[in-house]
Structure formats: C-alpha cells, structure tokens
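Before any comments, here is the structure.
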Amino acid sequence: MAEDKKKNINQVPQNDSNATVESTESIDFEEVYLTRGQLMWRAFKKNKLAMFGMWVLIIMYIAMIFADFLAPYNPFTQNLNHSLKKPTTVMMKYKVPDLKTTMAPYVLPEISYIDKLDYTQNFKTMLFPSRIKVKLSDGTELAIIDKHVVEIKEDGTIVPKYLPKGRKLDERFVLAESIKLVVRTIGYAQVDGQWVQYKDETEDLDALVFGVDDKILEQGRNERITNSRTARSFVAQNEGWKFGFFAATEQEAMERLTAVKLEQALVGIKYYDSDFNEHEISLDEAKIVSYDYKFYPVKWFVKSWGPDKTDPGRVGYLFWVIPLHYHLFGVDNYDNNEYVSINIFGADRYGRDVWSRIIFASRISLTIGFIGLFVTLTLSLFFGALAGFYGGIVDEVIMRFCEILMAIPGFYLLLLLRAVLPIDLPSSQTYMLLIFILAFLGWPGRARIIRGQILAERQREYVEAAIALGFPDTRIMWRHIIPNLATYIIVSSTLSIPGYILGEAGLSYLGLGIREPSASWGNMLTAAQDVYILEKAPWLLIPGAFIFIVVLAFNFVGDGLRDAFDPRALG
C-alpha cells in the first residue's frame, strides 16, 4: 500500500494542486553523511595552489624513486669533450645539397674546440661523413660508406639503416671501417699590406666542424679571414720570426700584422677496410658528387649505462634492487662515438649530464627533509611532553636549555656544528650528520610550542578523568593528549620541511655538506660562485629552480592542510 501512495511528480497534471502537494510530500530524501576525512579532503581541494603543490611533489618523488630509469647517463661519468655543453638541440631536418628531408628526431656529435683561425674556444656540432660518393677519372662513380650506418642481414644482403630518409645504396660502393678526409690548410698573415704565408700543413680529419669548415665538402675549399686581436697576437708571438718581428713590441707587431687568413682544401679521401688496410683516393683525379653525414636517432627506452661490461662502475637499479639495462630516453649511439650525447639541461664543467645529476640529487634533497623532520619530532615530542606534563624542575631545566639553543643564531650554530666535524667524511656519513645537525637546530622551538599545548590539554576534563582512573602517565600522554595535537604537528611539519631542504642546500653550496662526486641540489649550485660560468653556462642554475619549486610546493601544501584541519572550513 505504501508503494501505491508514492507518485511521480512528472505524472501529475499541473492543474491538480491537491495531487501535486500529495506527490511532493511523498518524495523520499536520502541523507548523505561525509566522514571527517572526506570533509578534510573537500576543504583541501578548494585550495587550488595546494592541489598544484601536491601534484608537483608527487611527480618529484616519483622521479626520485625512478631516478635510475629516468637518467640517460651515469651521473658520475665525466666527458671533457662536453665540458659546459649547452642543452642539446634535437633536430628534425636533414640537409645536404642534393637531399633535403624531414626525419625522426636526432642529434649530432658536439665538441668544445679551439678555432684555428681566431684561437678562441667554441662549441659546435660535428660532421662525421657516413657516405661520400666520388666520380673517378674514368667516369665511374664509387660510394664509400661507413659500415656502421648499414645493416648486413643473415643472407648477406646489405640495406641502409642510418642513412637519411630517401637515400638508397649506390650501385657501386665499398664498406669502410672508417672514413677520413685529407685536408690541406695554408695560413697567411697580412703584414704591411702584403699576404705572407706562415703555415702549410696537411692532416687527416675524422670530422669537420659544422658551419666552420664543412664547406670544403661542397666546394672543395674554404677560406676565412679575421682581424681579431687574439688571432693576430697569437700568430705574431708564434710565427713572428717569419715576418721579422724579432725586436718589435706587441703594439708594433699589431700595427704591422693587420689580418689572418686560413685557406682549406680537400685533397683526398682515406678509408680503411675491415682488415684496417688503408686506401686513399686523390681528389686530383676524382670529384665529390654527393655526401651524407652521420646522425644519431633519439629514442625511447634506450640501452645506455648500466650493469654491463661497457660500464663496470656504477650500475642503474630499479627500486634499488632490479638491475636496469634500459632507460626512458637516450641516443642510439650505434658506433660508440664519444662526442655524441643528449643533454636536455646541458653539461657541467666536467661534462656530466646535468639532468641525470639533478634526478639523482633529488634523492638527497627530497629525503633529508622527512628524515630530519622525524628526528626533530621525536626530540621535540619527548622533551616537550616531559616539560608540559610533569612541570616543576623538569620543565625549568628543559625550557632553559631550549632557550639557550634558541638564543644562538641558527646559521652560525649550523656552521659551528659542521666545522667541528671532519671535512673529508664520505657522502653517506655527511648526509646523516647533516640530518642530525638540522634536527638539533629545529627541535627547541617546536618543543616549546608542544609544551604549551600539553599544559593546556592537561587541564581538560578527559585528562583529569584518565588520571583519576589510574591510567599510567605514558598511556595518558600517547593515547589521549598527543592525538589531540595532530593538527598542529601535521601542519607545522609540512611547513618546516622546506627549512631542511634549504639548510642542506646552503651547507652544500658553501662546501660543508654533500661533496663531489656525489650530487645534491645545493652542491650543484657551487658553480654559481663563478661569474665566468654564469655568463657562459647559465643552465647550471637549473638546480636552484628545482629548489624553488619544491619549497614553494611544500608551502602550498602546508597552507592547504591548515585549511583542511580548520574546523570552520569543514562546513
């Protein structure tokens, strides 16, 4: 019968007011009650900055856990060829005179080198020939192809593998173990308005510098002129005897020597067969028809550093247990070219990948806050609880000791505690010492606040009832009083974690914390002390951006937790 009395309001005619009232009165309402946790989560979600900070921290801690997988290179491996290398440019276009095509992402070899014309240090990409096609004196054409850029199948068929898209194998070709370019360089100096030759040398080059001397492949020769003081001074000091500068001062030499010129000509091509026998083709009897250069594809899940014979040092592990052979991204360095790497955040002065070191450094910078906080909370809860619960002489002794520690400036006390300890400790021991030093500085202030809150809670009825029932002091403290301080403990702890991160960064920046070759965000910033480095390699400041973002994220999350624990915000 009860079901018959329930009616759908949409089925009642609008002109029947009695029926409408009856149907409205029969509507069932379902009451939904949210738990305290659900109310807190709802309040936390209202703070958009807190949600942003939470996701930033989640991403950072996931990256910390999977550092071995995300790092394309061993963070300790040095490569002086890439000293202060800028962030790698990933290319999509392949361009030679007879072929222009779009390709999958790739990188080119890079090197820091001294320019032979103006004698300044530069960083350039390099051109390693992968295929050179020449027309011989008898009219036939021959292609010399590096064996690393082709694939030899089981049936003996040879197919292009790392030749550019659209390039087929020539009808007549030879596979070479390596290709070298025979280049003749003639140097001239303009002395008293006349060009005087001071250098004539021929050398075998594995590669050419892109944008500097690669034109000799297209035109057969290349000419460059400079009047920079550096070049003129260098030539005058080293070759001045050829120009009669025996008694000339530097100023006189600079006035007489007004320009320097280099002429480069490609005079031959050398290649080595599988038995390392040398073959040479003179360009007096041949002409270059076309050429290609080596490129190195950027791929996902690339096998690079790890537990194998090529890298017997540090081994990458997943969850610190499972050996890693593959990493998230990297370059397919198929011929083990020492000049090839992908450094998305550049490289430091030792040629180490900055991105890999940042990811590994996060394991120190992101964990020191939680471990230090655990030690601080343990000390502050223990001493604060003793002082607040028992009072009297116990309270006086503990509080006076806390005041003495708080009266000493924190930064100077930090330096004092670190200075009395050995400076050459291993990084693992230094890490633990930093934790206890930072915790030692942080517990007095928090202990005073906890002591005051416990004094207030001790006067509450539920505590007096527990005392009257004869419960032990430890049970009253840890089962009744401390849980009521959870709001303050959680919020203050979240807001204090950035202090530990900044403390470690400051000590490491000053050389008193984590030391080389181990990495933390603080000691990676020691390069910021060198103005020259800041001008030439500003990407070395990127660890500072990570510190800024993480500290800001913790502050956002702390503000969100404070709102979530506020009873007035729960609705």
Side-chain angles (χ1 to χ4, degrees), residues 81 96-97 109-129 132 134-137 144 178-272 278-289 291 293 339:
N81 292 318
V96 292
E110 295 180 295
I111 187 175
S112 175
Y113 75 104
I114 302 297
D115 194 302
K116 294 182 179 180
L117 177 64
D118 55 17
Y119 300 97
T120 58
Q121 185 173 11
N122 295 285
F123 216 103
K124 290 285 188 178
T125 55
M126 304 175 70
L127 186 153
F128 281 82
I132 297 181
V134 295
K135 188 173 184 180
L136 304 177
S137 57
I144 306 166
S178 63
I179 302 174
K180 292 182 180 292
L181 303 172
V182 184
V183 177
R184 182 187 180 191
T185 302
I186 303 176
Y188 296 92
Q190 191 174 49
V191 182
D192 298 331
Q194 301 293 325
W195 288 108
V196 180
Q197 180 178 324
Y198 69 90
K199 178 171 68 173
D200 187 352
E201 61 181 18
T202 302
E203 56 185 337
D204 300 341
L205 301 179
D206 293 317
L208 301 173
V209 178
F210 242 140
V212 177
D213 53 13
D214 55 310
K215 291 182 180 178
I216 61 177
L217 277 175
E218 301 176 15
Q219 305 173 2
R221 63 184 302 277
N222 185 33
E223 180 180 292
R224 293 190 296 150
I225 301 176
T226 183
N227 58 2
S228 72
R229 186 176 184 86
T230 302
R232 290 185 292 134
S233 176
F234 185 88
V235 173
Q237 292 177 15
N238 292 272
E239 310 291 344
W241 62 275
K242 297 180 180 179
F243 314 133
F245 286 169
F246 294 109
T249 65
E250 181 179 1
Q251 183 61 32
E252 293 173 349
M254 292 299 97
E255 291 177 357
R256 293 183 59 191
L257 199 160
T258 55
V260 177
K261 178 173 67 173
L262 284 185
E263 291 183 356
Q264 291 178 302
L266 184 61
V267 297
I269 300 172
K270 288 183 179 180
Y271 65 92
Y272 300 83
E278 182 180 289
H279 304 270
E280 182 171 357
I281 299 176
S282 174
L283 293 185
D284 292 336
E285 304 174 354
K287 179 182 179 181
I288 295 180
V289 177
Y291 70 93
Y293 52 84
Y339 303 106

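Heavy atoms only: backbone and side chains are in, while hydrogens, waters and symmetry mates are out.
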**Complete:** Across all chains, not counting sequence neighbours, the salt bridge (charged side-chain N to carboxylate O under 4.0 Å, His left out) partners of K124 are none

**Request:** Keeping the roles fixed (side chain from R232, backbone from M254), state whether a donor-acceptor pair exists under 3.5 Å.
**Result:** yes

**Request:** Taking all non-hydrogen atoms of both residues into account, name the closest pair between L117 and V260 and its distance.
**Result:** CD1-O, 3.9 Å

**Item:** I111 side chain reached by T125 side chain, heavy atoms, under 4.5 Å
**Value:** no

**Request:** Would you check, one step at a time, whether the test salt bridge (Lys or Arg N to Asp or Glu O under 4.0 Å) holds for K116 with E203?
**Result:** CA-CA 13 Å; K116 294 182 179 180; E203 56 185 337; 2.8 Å; yes

**Asked** Does the side chain of I269 reach to within under 4.5 Å of the side chain of I179, using non-hydrogen atoms?
**Response** yes

**Prompt:** With no hydrogens and no angle check, is any side-chain donor or acceptor of N222 less than 3.5 Å from a backbone partner on E263?
**Reply:** no

**Item:** K270 side chain near V182 side chain, heavy-atom distance below 4.5 Å
**Value:** yes

**Check: S282 and V267 side chains under 4.5 Å, non-hydrogen atoms** = no

**Message:** So that I know where these two stand, are F123 and Y113 an aromatic pair - ring centroids less than 6.0 Å apart?
**Reply:** no

**Prompt:** What residues form a salt bridge (charged side-chain N to carboxylate O under 4.0 Å, His left out) with E201, not counting sequence neighbours?
**Reply:** none

**Fill in**
In short, V235 meets A189 closest at the heavy-atom pair CG1-CB, 4.3 Å

**Prompt:** Is there a donor-acceptor pair under 3.5 Å between the side chain of Q194 and the backbone N or O of V191?
**Reply:** no

**pair F128-M126: side-chain heavy atoms closer than 4.5 Å** = yes

**Request:** Taking all non-hydrogen atoms of both residues into account, name the closest pair between T226 and S228 and its distance.
**Result:** OG1-N, 3.2 Å

**Non-hydrogen side-chain atoms of K180 and D206 separated by less than 4.5 Å** = yes

Just list the side-chain donor-acceptor pairs under 3.5 Å for residues 238-246, sequence neighbours left out, or say none.
from: N238; atom 1: ND2; to: F234; atom 2: O; distance (Å): 2.8
from: E239; atom 1: OE1; to: K242; atom 2: NZ; distance (Å): 3.2
from: K242; atom 1: NZ; to: Y198; atom 2: O; distance (Å): 2.5

**Message:** Could you walk me through whether Y291 and E218 satisfy the side chain to side chain donor-acceptor pair (under 3.5 Å) test, starting with their C-alpha distance in whole Å, then the side-chain angles of each, then the deciding distance to 0.1 Å, before giving a yes or no?
**Reply:** CA-CA 9 Å; Y291 70 93; E218 301 176 15; 3.3 Å; yes

**Within-4.5 Å side-chain heavy-atom neighbours: L127 and V209** = no

**Asked** How close do T258 and E255 get, heavy atom to heavy atom, and via which atoms?
**Response** CG2-O, 3.5 Å

**Request:** Check whether any side-chain heavy atom of I132 sits under 4.5 Å from a side-chain heavy atom of L181, and report yes or no.
**Result:** yes

**Prompt:** In terms of side-chain geometry, is the basic nitrogen of R224 or D213 positioned less than 4.0 Å from the acidic oxygen of its partner?
**Reply:** no

